[in-house]
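Data block below; observations after.
Since the structure is predicted, the reported quantities are computational estimates derived from the model, not experimental observations.
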Amino acid sequence: QVQLVESGGGLVQAGGSLRLSCAASGRTASIYRMGWFRQAPGKEREFVAAISWSAGATYYADSVKGRFACSRDNAKSTGYLQMNSLKPEDTAVYYCAAGPPYGLWYRRSDYPYWGQGTQVTVSS
């Protein structure tokens, strides 16, 4: 099993930045990629970004491309989501997820391990 613990959420003004962390423990060798998803109240959980654990290849949703960036520190078994130029529309609970090397970057069902979520609120 893999456990994921998220941190770094909070309240920021539009145009500000936040850095989310996702610390993995347990069977971390099972992590080949880490994805980030978000869910606003009353809306479906949507894909935000993902990164491969070894090569560090990244993939982003169009809505955050150019503003958000994934990174990871394999020695710490921790992934990061740097969020810049935040907009009120980015307000949501953000979830990190981890999974195997196969599957689609953006498909929730391809990630078997999930963090608890962290609230990001962007004020206007």
Nearest heavy-atom contact between Gly99 and Tyr111 is N-CD2, 4.0 Å
Pairwise side-chain contact, Tyr80 with Asp73, heavy-atom cut-off 4.5 Å (strictly under): yes
Students should find that the hydrophobic cluster of Val64, defined by side-chain heavy atoms under 4.5 Å apart, otherwise consists of Val2, Leu4, Val12, Leu18, Leu20, Ile31, Met34, Trp36, Val48, Ile51, Trp53, Tyr60, Phe68, Leu81, Met83, Leu86, Tyr94, Tyr113, Val120, Val122
Candidate pair Gln119 and Thr91, rule side chain to side chain contact (heavy atoms under 4.5 Å, CB included), full reasoning:
CA-CA 8 Å; Gln119 178 70 47; Thr91 295; 4.0 Å; yes
Any donor and acceptor pair, going by atom type alone, linking the side chain of Ser52 with main-chain N or O of Ala57 inside 3.5 Å? yes
Notebook entry, point to check: How are the rings of Tyr106 and Phe47 set to each other: parallel, tilted or perpendicular (split at 30° and 60°)?
Noted result: perpendicular
Rounded to the nearest 0.5 angstrom, the NZ-OG distance for Lys87 and Ser124 is 14.0 Å
Residue pairs meeting salt bridge (Lys or Arg N to Asp or Glu O under 4.0 Å), one or both in residues 26-54, sequence neighbours left out, come to Arg38-Glu46, Arg38-Asp90, Glu44-Arg108
With a 4.5 Å heavy-atom cut-off, do Ser21 and Cys96 have their side chains touching?
no
CZ of Arg107 to CG of Leu104, rounded to nearest 0.5 Å, is 4.0 Å
CD (Gln3) and OG1 (Thr28) are apart, to the nearest 0.5 Å, by 10.0 Å
Between Ala50 and Cys70, the two heavy atoms sitting closest are N-SG, 3.8 Å
CZ (Arg72) and OG (Ser54) are apart, to the nearest 0.5 Å, by 7.0 Å
ask   = Has the side chain of Gln116 got a donor or acceptor atom that lies under 3.5 Å from a matching backbone atom of Glu6?
value = yes
Shortest non-hydrogen pair, Ala98 vs Pro112, comes out as O-CD, 3.2 Å
Check for a donor-acceptor pair, side chain of Gln82 on one end and backbone N or O of Arg19 on the other, with a separation under 3.5 Å. no
